[in-house]
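Down below is the structure, laid out as structure tokens.
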2 protein chains.
Amino acid sequence: MIINSVNTLFDQALTKTSLSEKQKKVLKASLLLFSKNGFDRTSTKEIAEKAQVSEGTVYKQFKTKEGILAAILKPFVKSVIPSAAAEFITALSQANYPLLEEFLTQVVQNRMEFAIENKLQLKIFAQEVLHDKNLAYTLKHEIGGELVVKMGLALKYYQKQGQLVAWAPQRIAQYIISTVMGYLVPCILLDQPLDVPEASKEAVEFLIKGLKKNSE
Amino acid sequence: MIINSVNTLFDQALTKTSLSEKQKKVLKASLLLFSKNGFDRTSTKEIAEKAQVSEGTVYKQFKTKEGILAAILKPFVKSVIPSAAAEFITALSQANYPLLEEFLTQVVQNRMEFAIENKLQLKIFAQEVLHDKNLAYTLKHEIGGELVVKMGLALKYYQKQGQLVAWAPQRIAQYIISTVMGYLVPCILLDQPLDVPEASKEAVEFLIKGLKKNSE
DNA sequence: TATAAGTAAGTGAGCACTCACTTATTATTA
DNA sequence: TAATAATAAGTGAGTGCTCACTTACTTATA
């Protein structure tokens with residue numbers, strides 16, 4: 001199998017780097033193999049073959065196999081917080097979304113699209129999180145914590161508006177994330193397509209019901 | 001570190017087998033090492049050391065390393081469906097067809113306890129699911145499908161009663177599972193304790209709001 | 001005494017990684 | 001501009017090490 005037009009967002013990110021064509025092929029091949037078979041069940045020989053490159057070339061740029069993994073995951077992880085934060089802010093500040101439902105629809109749909117575009121990286125990240133407690137800790141406290149703070153700003157706005165239950169932002173964020181994950185997990189595990197507009201519509205229907213402030 | 005009183009339920013299951021003491025120690029050690037470091041990052045030498053047993057002993061009973069994994073996961077996976085199905089039935093019949101909220105509380109609390117008791121196996125299973133698409137397929141269609149059918153019986157009852165929204169049982173089950181998973185994942189990843197009564201109370205509060213039939 | 005359980009030193013295969021070398025690209029100078 | 005030097009990119013046959021698994025043997029049990 002030849003590697004071409006696999007992961008659009010990933011390809012875009014690659015063009016911005018100063019890597020040679022062969023090195024980019026190494027990263028693409030690694031992304032595919034790691035996500036399919038796992039980091040530990042992928043040999044550097046396999047990577048070289050899939051990238052149509054010698055094994056020495058693999059090691060010219062990336063000093064270790066872990067280095068390849070880092071080169072794949074770092075840009076992804078680093079982009080999660082900024083892109084999500086930006087999404088919350090635009091959704092809010094545009095003031096286009098006076099209703100909680102509109103805000104949620106926009107954010108849920110956008111985050112689902114982001115996840116689908118990065119589903120290979122997400123799968124590799126999940127594999128690593130299950131192997132490395134430090135990474136799990138980072139995910140919860142640094143990434144998760146930061147996201148809750150950013151999202152919390154928006155949530156508090158809707159709580160003041162009386163549209164959203166008065167639960168802790170952390171708790172509300174958890175429900176939003178886990179509900180969205182419910183749609184993403186099968187798609188990531190089985191590499192199936194996801195009807196994002198339909199899924200986000202359904203998810204938001206449930207979330208709104210579960211999170212709206214009951215008029216008393 | 002010595003292996004003792006680690007996993008109560010696992011220990012109980014072990015006593016029912018015809019394995020020798022040393023073989024049981026092999027399984028216990030493997031359970032701990034696999035869940036902590038992952039299957040691929042655990043060597044049979046490490047297992048033997050942790051079990052205070054020679055490497056040959058490991059291979060007397062379990063012909064391959066995969067065999068050890070199967071001996072750990074099979075009893076767990078096989079018990080998921082029956083124990084859940086039994087729980088749905090007892091939750092319904094014991095309290096003589098309780099309110100949806102009472103049913104959900106009972107089921108959610110019970111399943112959370114089951115998950116916590118088997119969290120090491122669950123973590124190993126998750127690792128494997130991310131590596132093996134066939135296993136992911138089995139999880140979704142055989143295990144998941146079966147559970148939805150069993151749970152669906154109860155859900156349909158509550159739909160007829162007018163207590164539960166008229167969404168597809170598959171969809172409702174997904175929301176229940178993902179909401180519960182939201183509480184379980186951090187605890188499984190970081191090996192932290194979970195206040196099950198509190199967590200299930202919170203989860204049900206949200207689920208009831210999101211899933212109750214709106215009186216029209 | 002026969003069968004099972006346990007041992008520890010192998011064994012060969014596969015792995016991540018290296019190194020001496022070749023080829024391509026860029027910089028420098030006549 | 002052409003020739004050459006200097007640097008970088010790429011190659012593939014190693015290399016040593018770890019790993020899953022075996023085997024010849026010893027000890028315990030029925």
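By convention in this document, chain letters (A, B, ...) are assigned in the order of the sequence lines, proteins followed by strands, and residues within each chain are numbered from 1.
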Rounded to whole Å, CD1 of Ile47(B) lies from P of dC19(D) at a distance of 11 Å

Could you tell me how far apart Tyr59(A) (OH) and dA13(D) (C1') are, to the nearest whole angstrom? 15 Å

Between Lys60(A) and Lys45(B), the residue closer to the 5' end of DNA chain D by nearest nucleotide is Lys60(A)

Parallel, tilted or perpendicular for Trp167(B) and Phe206(A), by the 30°/60° rule? perpendicular

Pick base, sugar-phosphate or nothing for Thr44(B), based on heavy-atom distances below 4.0 Å to the nucleic acid. base

Remember a base hit wins even if backbone is also touched, and classify Gln23(A) as base, sugar-phosphate or nothing at under 4.0 Å, heavy atoms. sugar-phosphate

Result for 5'-nearest mapping on DNA chain C, choosing between Thr42(A) and Glu21(B), is Glu21(B)

Phe62(A) CZ to dT18(C) P: how many Å, rounded? 15 Å

Distance from Ile176(B) atom CD1 to Met151(B) atom CE, nearest 0.5 Å? 4.0 Å

Side chain of Ser20(B) only, please: which of dG6(C), dT11(D), dA9(D) is the nearest? dG6(C)

Value in whole Å for how far the C1' atom of dA5(C) lies from NZ of Lys63(B): 11 Å

Measure the distance from CD on Gln52(A) to C1' on dT11(D) and round it to the nearest whole Å. 15 Å

At under 4.0 Å between heavy atoms, what does Lys65(B) touch on the DNA or RNA strands: base, sugar-phosphate, or nothing? sugar-phosphate

With a cut-off of 6.0 Å (strictly less than), are more than 12 heavy atoms of other residues, nucleotides or ligands near NZ of Lys123(B)? yes

Would you classify Thr57(A) as touching base, sugar-phosphate or nothing, given that sugar-phosphate means primed atoms plus P, OP1 and OP2, and contacts are heavy atoms under 4.0 Å? base

Ignoring hydrogens and geometry beyond distance, is the side chain of Lys22(B) in donor-acceptor contact with the base of dG6(C) at under 3.5 Å? no

Please give, in whole Å, the distance from dT7(C) P to Lys25(B) NZ? 10 Å

Figure out the CD/C1' separation between Glu49(A) and dC15(C), and round it to whole Å. 13 Å

Would you say that more than 12 heavy atoms from the other residues, nucleotides or ligands in this model lie under 6.0 Å from the NZ of Lys65(B), or not? yes

Without decimals, in angstroms, what is the distance between Leu69(A) CG and dC17(C) P? 12 Å

Do the rings of Phe103(B) and Phe88(B) sit parallel, tilted or perpendicular, given the 30° and 60° boundaries? tilted

